[in-house]
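Everything below concerns the one structure shown next.
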Amino acid sequence: MNFRIEPERYELREGPAYDFSFDRRGFFKALGGGIVVVSLITRAEAQESGGGRARGRSMPQEIAAWLHIDQNGAVTVYTGKVEVGQNARTNITQAAAEELGAPVSAIEVVMGDTDRVPYDMGTFGSMTTPQMVPQIRKASAAARAMLPPGAWSSIDFASIAKQGTLLQAVTGDAKPKATSSWTVMGTSVPKVHGRDFVTGKHRYAADVKLPGMLYGRVLRPARFDATLGSLDKTAAEKVPGATIVQDGDFAGVVAPTPHAAAAALNALKAQWKSQPQTSSKTLFADLERNSAPESRSTHESGSIDQGLSAASHKLEADYTVAYIAHAPLEPRAAVAQWDADKLTVWTGTQRPFGVQSELAQAFHIPEQNVHVMMPDTGSGYGGKHTGEAAIEAARLAKGAGKPVKLVWTREEEFTWAYFRPAGVIKVRSGVDAEGRLTAWEFHNYNSGTSGIHTLYDVANQKIVFHASKYPLRQGSYRGLAATANHFAREVHMDELAAAAGIEPLEFRLRNLKDDRFKAVLHAAADRFGWGRRKPAAGTGFGIAGGFEKGSYVAACAEVQISPGQAPRVVRVVESFECGAVINPDQLRNQVEGSIIQGLGGALFEAIDFEDGKILNPRFSRYRVPRFQDVPQLDVVLVDRKDLPSAGAGETPIVTVAPAIANAIFAAGGQRLRAMPLVRSRINPTTSGGTAR
Amino acid sequence: MARNLELLVNGVQHSISAEPARTLLTVLRDELDLTGTKYGCGEGQCGACTVMIDGIATRSCQTGLSAAAGHKITTIEGLEQQGSLDPLQQAFLDVDAMQCAYCAPGMIMSGAALLAKNHNPTEAEIIQAMQGNMCRCGTYPRIVAAVRLAAAKSRRSVA
């Protein structure tokens, strides 16, 4: 099947589509007097305008962020990054407060509003911390330099603002504070706007309400790739207040209440035409069979054959990873409002400017006619890169001539969003008599390239990604393919250690040169008591380590097994190093959350599908981690103040599954090579087993 | 057909004209604009829509309007008293028991209902009471800690 919107290698990386112009927006006029600092991405001509005045279209487009300080000393930071629960808002607030010497309460961050913030590709790939935070720090440091010395409270902001707008553009040469003198960064500032969330005041996209707004529902095809044969609207049109909107294969309803909209939707009688489609039962064979031959060797060195001939232990094994869903607790939602040919949309997305482009294309209007606003959103995990709900709400609003709110049902979210790619990984390896790797051949079919490279020291390597024809719409997910690749690699390393008769931690250390990797392995092992504690009968310890997106992680798991029962994860210790820690408590929160979310994919999450339908599109049939699934957790943060900060929302998820799989084996269980582990063990073919 | 119903929400009496089969969730959100109560699944599996009815944690997406009429309904917006947060709301802030926080209102309602009848729940009792509430960000340990903290603070303030 072919979907129109498909992220390249599962992460969207489009170039800027928006031709930003200060003049067109009259933006700075609207701000009023005070200090404005624009943070520019380094470029030769950008430097020329440093300290100068905005010159309309001649202003460079490479703007990362800007901030404004008004006559009361209120600071507003503008960034295209968004908040989806990873606490970017808090980290950016800390960065500005630190460099300005301002209290956290003086800072407000405007995020993801396409009329008010500079273009940004999107919030993914753990880039906010390594890329955006330094830009904010740079702009804030420059703003501080424009202010008189002394305490924030002593500054006469009113007289500064009377001078009009003092505009400065800064490039890479601004000097932010040294890590050693941080007083706000590096501390556990609580979540910004926390009170609005615990009181229910915060308005997520689905909570936006406009005067005269109607509620929409979209008619979904009976199967993927189905086309509309016929549509009988007679009964639906009789539902009081309902309007039917149809445009080719797209059909939907709007009504004054969600109840009436649902009634009208149910009254639509559609005939769909579709071709037979494949099933999850044959997924892995299909992915391998339908792959491109030797599509792209991402890395090759030495000779696998020579490496294998030098080995005293050789091993070959296949690993599989199922399709899983992000299942963000807030399903996709959008409110759309037209004013002639201008469109305003509130929606939860990780790419507001991407959604702006999608909308402009869908309706053949210029991008500057599309205003996308992104209220802090009920999570994404890589699952909200696209603008389906926004486009649908806008289509319904256009057809109805009124503002429309569209909230996807859970079933729609499970069916019409996209999934973490399934994959098959085939590994062939060899190890010599001293327990050193001699050969490492690694083929990933479909799941992706993130984390595909090994940090273990092996001269003879061949690492290949094979693109494949895939049966479900697939895209980004927290950590992308790093989870699949770490699962295969770290379970395989465990198998090699067992084959060579070497203790698993020792085996890893023997094959590592990277000190940061070694440090996280030691940190997790020490806290866990690895090598000092003996597992009880029926209990096993497993270890796994990894590196991705600039940060290092290691996990130790304790798992208890008993015949006929699902394995119980008793304890997980995870160490994490992402350079200098910006907010220890929230980092801990992210790592804990990654481990717990990782338990789902490790143990029981899998999407079942057949003939163009998702068979388990609801929480009663798709199990995710709950309170009772949470093991004893211990997070060890390795704070490297000497290193730049890396993102932390993704990488801590990658070692969860292999550590558990290795612990199950150590407990005397089977060697499990399929994610999810428990389901494949308890009930490999049918649904509805005890593990679900 | 639409009927007139009386709903007592957060101490305020509301006259609603709506189909009795409508869920309490959509009436709270769309008629009364009490959007702190969230839709998450529509099948009573996730707990995002939890409110208290006569003090009992209830899934508003599974509650028909006629079943709710005549009872005392409390939503997340009704917990704060004269600008002062409920101890569990404060505890959520104190231990940062949230990430995206979409689950937080439902979690707080389930936890507050538990604390109202059990002032000193064990960890196992908290987990059992909250098992029907889902947090996809995985902040469960912090939520348990928040419930315990709120219980401890309430005990101290009573003593």
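Quick note on labels: first sequence line is chain A, next is B, and so on, each numbered from 1.
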Please look at [X] and chain B and tell me whether the side chain, the backbone, both or neither of the residue comes under 4.5 angstrom of a heavy atom of that chain.
X        : result
A:Ala262 : neither
A:Asn589 : both
A:Arg89  : neither
A:Thr377 : backbone
A:Leu329 : both
A:Val630 : side chain
A:Tyr215 : side chain
A:Lys209 : side chain
A:Arg195 : both

Among [options], who wins on heavy-atom pairs under 4.5 Å with chain A?
options                              : result
B:Leu79, B:Thr139, B:Asp33, B:Ile108 : B:Asp33
B:Gln128, B:Met107, B:Arg22          : B:Arg22
B:Gly44, B:Cys100, B:Gly36, B:Gly138 : B:Cys100
B:Gly40, B:Ala21, B:Cys103           : B:Gly40

Of the listed residues ([options]), which shares the most heavy-atom pairs with chain B below a 4.5 Å separation?
options                               : answer
A:Ile596, A:Asp207, A:Thr409          : A:Asp207
A:Thr257, A:Ile595, A:Asp585          : A:Asp585
A:Gln590, A:Glu411, A:Glu83, A:Lys201 : A:Gln590
A:Arg478, A:Arg618, A:Glu330          : A:Glu330
A:Gln86, A:His259, A:Arg626, A:His202 : A:Arg626
A:Ala327, A:Pro328, A:Pro240          : A:Ala327

Chain A contact via B:Gln89 - which portion, at a heavy-atom distance below 4.5 Å: both
Side chain, backbone, both or neither of B:Arg142 within contact of chain A (heavy atoms, under 4.5 Å): side chain
Do [X] and [Y] get their side chains close enough for a donor-acceptor pair, meaning under 3.5 Å?
X        : Y        : value
A:Ser126 : A:Glu650 : yes
B:Glu80  : A:Thr199 : no
B:Glu77  : B:Asn10  : no
A:Glu574 : A:Thr655 : yes

At what distance, to the nearest 0.5 angstrom, does [atom1] of [X] lie from [atom2] of [Y]?
X        : Y        : atom1 : atom2 : result
B:Ile126 : B:Ile143 : CD1   : CD1   : 11.0 Å
B:Leu88  : B:Ser110 : CG    : OG    : 10.0 Å
A:Asp376 : A:Arg203 : CG    : CZ    : 14.5 Å

Any side-chain heavy-atom pair of [X] and [Y] under 4.5 Å:
X        : Y        : answer
A:Val198 : B:Leu93  : yes
A:Ser476 : A:Phe124 : no
A:Val570 : A:Pro631 : no

Whether A:Phe627 and B:Tyr140 hold their rings parallel, tilted or perpendicular, with breakpoints at 30° and 60°: tilted
A:Tyr204 six-ring centre to B:Lys38 NZ/CZ under 6.0 Å and within 45° of normal: no
Derivation of the side-chain hydrogen bond (donor to acceptor under 3.5 Å, both in side chains) call for B:Arg3 and B:Ser17: CA-CA 5 Å; B:Arg3 250 177 51 195; B:Ser17 170; over 6 Å; no
